[in-house]
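Just so we're clear, the structure is a prediction, and the values are computed from it rather than from any experiment.
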Amino acid sequence: MKLVISFKGEKHHVGMINPEDWTVDRIKAEALKITTVHGLDTVGKILLTVMNPDSKVKVVLDSEYGMKCLFGFHNLMGVTTFEVEVVPVLCPQNPDAPLIQSLLFNLGVHLSSEVIDILNDGGTPEVTHTDQEGGSNRDEFDDMQRGYGHEATATIHEGEINEDKLLSDWSDKRSDNDGEEPVVQPIPTMLVDDIVSVDDIDDSEGSEDNQCESDSNRGGDGLLDDDTRAVEMVVNSSDDDINLGSVKFTKYLEKHEYKLDADGIHRLRLGDVFRDVNHFRQVLHEVMIRKGFNISIKYSEPQRYFATCKEASCPWFVKGARLNDRNGFWLREYQKKHECKLTKKSVKVTSTWVAEMIKGHVAIDANVKISLLKNYMQEKFRLKIEKLTMYRAREKARILVYGDHSKGYEKLFQYAAAIHRAEPGAICKVLCDAVTIPEKCLFQRFFVAFPAQRNAFLNGCRPFIGIDGCHLKGKYGGVLLAAVASDANKGIVPLALCVCEIENTETWTWFLDHLHSYLDDGRQQKVVTSMIMRRQWHISKWKKLQGYTWSMHTYDRNCKVERTDNNASECFNSWILPYRDRPALSMLEEIRCRLMRRFTKRRNEGNTWQKTIAPRIYKELDQTFKKGEKMIVQPSGDLNFQVMDKSYYPARRFIVKLEDKTCDCGFWEIAGLPCCHAMAAIGYARHEIEEYIPFCFTKQAYINTYSVMFSPIPDERTWEHGDRPLIDAPIVRKKIGRPKKCRKRAATEPQKRSRRFFVNCSVCGGSNHNVRSCPLRPSVARPSKATNTNSQSADPLSQPSKPTRTRNTARRDHVPSDRSKSSSAGSMKRKSANAVGVAGTSKKRG
């Protein structure tokens, strides 16, 4: 922001500044550079005043909080210059003088620098009798003194000084509080007719719209000056573009700039000034929806707007025009009365407006049902919106809440830099394609893993990793690859994520290389993939580095795992299902935040455990112990036992060695937890179960897993851009045919039934098909057209009276040999009788 300091017409351009680095004392020190020559050489002799761009009122800059608020208003209104005006302090020898003068200044009592200098020098300021606008300056100055209880120390003479140098337009200041008295009590001396106090009360709206309808609700006092009267003359003119010429309408804009009412309802008033025609259209649309009517637009252009009610007999209309050579749009004519029957069915609403209204619901649930949204719009706005409009509105609301998919890849370089600054030990790799389209940087892959995940795997999890991929459901598709481990309580621990363009050998190799380099600690690690990924090329790199097998009996004993499935990865894919249809950056950030909350929650839960064994492990051991109670245990010394298991037929004997922690069944060595035979021996020997549980299933291992937390990452708006380019979205290659909604099932998976009810065939008695698709359906031989023509020409009297009956009877005559035995005998007799009748008829005709 640019800082400019002015004093008595002299301006000091400081240059571009950072608002966070500047204070009030520092600005005063800069101001002394131009005030020292005038005798103001200390900060106690000057005050700083700034124009508030929001309320158009000058205020004293006397605190750090006030300065931050003013900087915020400048940024909000788009003002890039922070202009400070220096005012001398009246009676600087009095220590309370700056505070009193600041309070009077903020209340509207403004004294010019010349008057303050005269008073400080012991002189008497003199004022003229009237100014060019006809106001009595002496009377206003006396009213100001009486209104604030201030006793003037100098005598004021008339005829030598202008009012503009003595006071500001304090009489035009108004309170921003709806329905309250203005702060400045003295009333201006000039009164004119109030011509813009037109409210928006509609007789057909009822008591709902009869509240807060006057201009006083928006802080206006209804009193206009000469400038406003000149503006009125221009408003009533017939020109489309309002040319104010030399009219000073700053005060009018301050009073009649459009603002939302205190009750949050949009209302139109004659003379309101809008930012532009688009702003006017938005407000008119809100009024149209609230009132429940539709409009017919005659013309809608940047310089003019005219619309009437949809009903031809209704007198309602609005006219607006652009201010000539100024930024603003004026409501010049407005007929608020409706004589038509208002109805909610004809209201025209757009999906963009509906998206603004429902984005709060979409933020809570991105897949909220359309029926719920329709009920919400009908209850709140009394609108019946079509289903297709609601679908489009929900999609636009998702973009408003979660961002556009095309822009979800732009800041991945900045996101990686923010991760490295917050987590110095994290690994974040971005791969782009700059060859296919030289002028673009197309996204390919993104890999990320955090120190908390690495610590969880190395210090608490077993060396057993499950990897899997799931398809993203966004506009540009893609695949999310993930590596998952298990903690001491058999909970899933995500280790790394990778967003890639497709699932193939190259992407899996790239992912596994980075995963191995980040998690390698020298232990032999078992890798398990999903059923559809069990191919040699998917984990060829990992095989070369560590080796693997698929048979459980060849597992490394350090894995302590009793399963060969990859259900942990499938659980993770289901866990992140709500985020897979979001833009890439939003999806990654949501998953990171959820992992951060999950690690914190589990660490707190682990600290509350009373036992040294994880709860889920303790529950499994309790069930195993109940099975072991039914077995016969025969000791052989203190630590060797022979256990008879009668669940087999015939019964089998198993040798349990507690010292070696082994059993003949092999489960104890592979899973790390005692089997039912070992639990029977431990119970017979009356030993504590904690002595035979590995460290990876204990409370301390669980706490170690979640001992390192995720570091928070600052907001996206604070990320440094750096010298990296913005990443473009990948190229979408449209496939041939209709997009598939269901995934392809494997040969071993059960096929999903396409029908919700059973169908039985009436011909063969089979199920899952009807007579139309039955393979045993009889084929009827129909006579050709030539045969029918010849027979008719030869002997027309010999034709049957009902040929359709002959055709239908011939169809019934054919009975399949392998017909179901469930057919009744009566039905067979009827079919035989029909066949005999047809044969007799044919013989007679022959």
Open item on the list: Does the plane of the ring in Phe641 sit parallel, tilted or perpendicular to the ring in Tyr684? Use 30° and 60° as the thresholds.
Closed with: perpendicular

Open item on the list: Just verifying a value: how many Å separate Ile419 CD1 and Cys428 SG, rounded to the nearest 0.5 Å?
Closed with: 4.0 Å

- [ ] Measure across Gln642 and Arg653 and return the closest heavy-atom pair with its distance rounded to 0.1 Å.
- [x] NE2-CD, 3.2 Å

- [ ] Please say which of Glu589, Glu716, Glu720 ends up in a salt bridge (Lys or Arg N to Asp or Glu O under 4.0 Å) with Lys411.
- [x] Glu716

Open item on the list: Check this for me: Arg421, atom CZ, are more than 12 non-hydrogen atoms of other residues, nucleotides or ligands nearer than 6.0 Å?
Closed with: yes

Task: With Ser569, the side-chain contact (heavy atoms from CB on, under 4.5 Å) member among Asp565, Asn567, Asn566 - done: Asn566

Task: Side-chain (Asp365) to main-chain (His361) donor-acceptor, under 3.5 angstrom - done: no

Open item on the list: Tell me if a side-chain donor or acceptor on His405 pairs with a main-chain N or O of Asp581 at a distance below 3.5 Å.
Closed with: yes

- [ ] Evaluate the ring planes of Tyr409 and Tyr476, with Trp represented by its six-membered ring, and classify them as parallel (under 30°), tilted (30 to 60°) or perpendicular (over 60°).
- [x] perpendicular

Open item on the list: I'd like to know whether Cys470 forms a side-chain contact (heavy atoms from CB on, under 4.5 Å) with Ile576, so could you lay out the CA-CA distance, the side-chain angles of the two residues, the decisive distance to 0.1 Å, and finally the verdict.
Closed with: CA-CA 10 Å; Cys470 59; Ile576 63 173; 4.2 Å; yes

Open item on the list: Is it the case that atom CZ in Arg724 sees more than 12 heavy atoms from other parts of the structure closer than 6.0 Å?
Closed with: no

Task: Under 3.5 Å donor-acceptor, Thr698 side chain and Phe695 backbone - done: yes

Open item on the list: Has Asp622 got a side-chain atom pairing as donor or acceptor with Tyr618's backbone, closer than 3.5 angstrom?
Closed with: no

Task: Exam field: side chain Thr507 to backbone Cys500, donor-acceptor pair closer than 3.5 Å - done: no

Task: Cation-aromatic face contact Arg445/Phe511, 6.0 Å, 45 degrees - done: no

TODO: Just jot down the side chain to side chain contact (heavy atoms under 4.5 Å, CB included) partners of His769, sequence neighbours excluded, or say none.
DONE: Cys761, Cys764, Ser773, Cys774, Pro775

TODO: Pick out which of Arg598, Arg602, Glu605 makes a side-chain hydrogen bond (donor to acceptor under 3.5 Å, both in side chains) with Tyr706.
DONE: Arg602

Open item on the list: Tell me whether the rings of Trp575 and Phe572 are parallel (<30°), tilted (30 to 60°) or perpendicular (>60°).
Closed with: tilted

Open item on the list: What I'd like to find out is whether the side chain of Leu595 reaches to under 4.5 Å of the side chain of Gln453, using heavy atoms alone.
Closed with: yes

Task: Heavy atoms from other residues, nucleotides or ligands near CD of Glu691 exceed 12 (cutoff 6.0 Å) - done: yes

Open item on the list: Looking at Ser574 and Glu570, would you say the former's side chain and the latter's main chain have a donor-acceptor pair under 3.5 Å?
Closed with: no

- [ ] Could you tell me whether Lys490 and Glu562 make a salt bridge, using a distance below 4.0 angstrom between a side-chain N and a carboxylate O?
- [x] yes

- [ ] Can you label the angle between the Tyr648 ring and the Phe654 ring as parallel, tilted or perpendicular, going by 30° and 60°?
- [x] tilted

Open item on the list: Once salt bridge (Lys or Arg N to Asp or Glu O under 4.0 Å) is applied, what residue pairs with a partner in residues 392-404 remain, sequence neighbours excluded?
Closed with: Glu395-Arg398

TODO: Would you please test Ser707 and Asn704 for side chain to side chain donor-acceptor pair (under 3.5 Å) and show each step?
DONE: CA-CA 5 Å; Ser707 59; Asn704 293 346; 5.3 Å; no

Open item on the list: Could you walk me through whether Leu481 and Ile467 satisfy the side-chain contact (heavy atoms from CB on, under 4.5 Å) test, starting with their C-alpha distance in whole Å, then the side-chain angles of each, then the deciding distance to 0.1 Å, before giving a yes or no?
Closed with: CA-CA 7 Å; Leu481 308 180; Ile467 58 176; over 6 Å; no

Open item on the list: So which atom in His677 and which in Cys663 form the shortest heavy-atom distance, rounded to 0.1 Å?
Closed with: ND1-SG, 3.7 Å

Open item on the list: Quick check on His420: does its NE2 atom have over 12 non-hydrogen neighbours (other residues, nucleotides or ligands) under 6.0 Å away?
Closed with: yes

TODO: For Arg592 and Phe450, work out which heavy atoms get closest and say how close.
DONE: CD-CZ, 3.6 Å

Open item on the list: Whether the side chain of Lys359 engages the backbone of Leu400 through a donor-acceptor N/O pair (distance < 3.5 Å, no angle test) should be reported.
Closed with: no

Task: Closest non-hydrogen atom pair, Cys676 against Met631 - done: SG-CE, 3.3 Å

